[in-house]
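Below is one structure; the comments refer to it alone.
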Amino acid sequence: ERFDHKHLNDQTVEFATEGGLNPSVENIARVCFGLLDGPIAEAGGLLKAVTVWETDRTSCTYPA
């Protein structure tokens, strides 16, 4: 929900135009990993990787 159907440069803190990250698929995967890692660890889990798909043939997995 945090990023779904949003203009990432205008509507998210992480990718704000001024000083924010470029919302490339690589950066989106890295930010999502960072957001999920702590809560999953607190629940007793281990987050190994996050994969974000840009198209049906283009994706990025972080960490690779």
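FYI, the numbering just counts along the sequence from 1.
- Atom CG of residue N27 and atom CZ of residue F15 lie 6.0 Å apart, to the nearest 0.5 angstrom.
- With contacts defined as side-chain heavy-atom distances shorter than 4.5 Å, the pair P23/F3 does not qualify.
- One finds the CG atom of D37 at 13.0 Å from the NZ atom of K48 (value rounded to the nearest 0.5 Å).
- L8 places a side-chain heavy atom less than 4.5 Å from the side chain of I28.
- Closest approach of C60 to A29, counting heavy atoms only: O-CB, 3.9 Å.
- Across every non-hydrogen atom of P39 and L36, the tightest pair is CD-O, 3.4 Å.
- With S59 as the fixed residue, the side-chain contact (heavy atoms from CB on, under 4.5 Å) test singles out one of V52, V25, T51: T51.
- The two residues K6 and E1 come nearest to each other via the heavy atoms NZ-O, 3.5 Å.
- Nearest heavy-atom pair across R2 and E14 is NH2-OE2, 2.5 Å.
- The OG1 atom of T58 sits 7.5 Å away from the CG atom of D56 when rounded to the nearest 0.5 Å.
- For I40 against L46, the heavy-atom pair with the smallest separation is CG2-N, 3.9 Å.
- Remark: T61 OG1 to E26 CD distance equals 10.5 Å, nearest 0.5 Å.
- With rounding to the nearest 0.5 angstrom, the CD atom of Q11 is 11.5 Å from the NE2 atom of H5.
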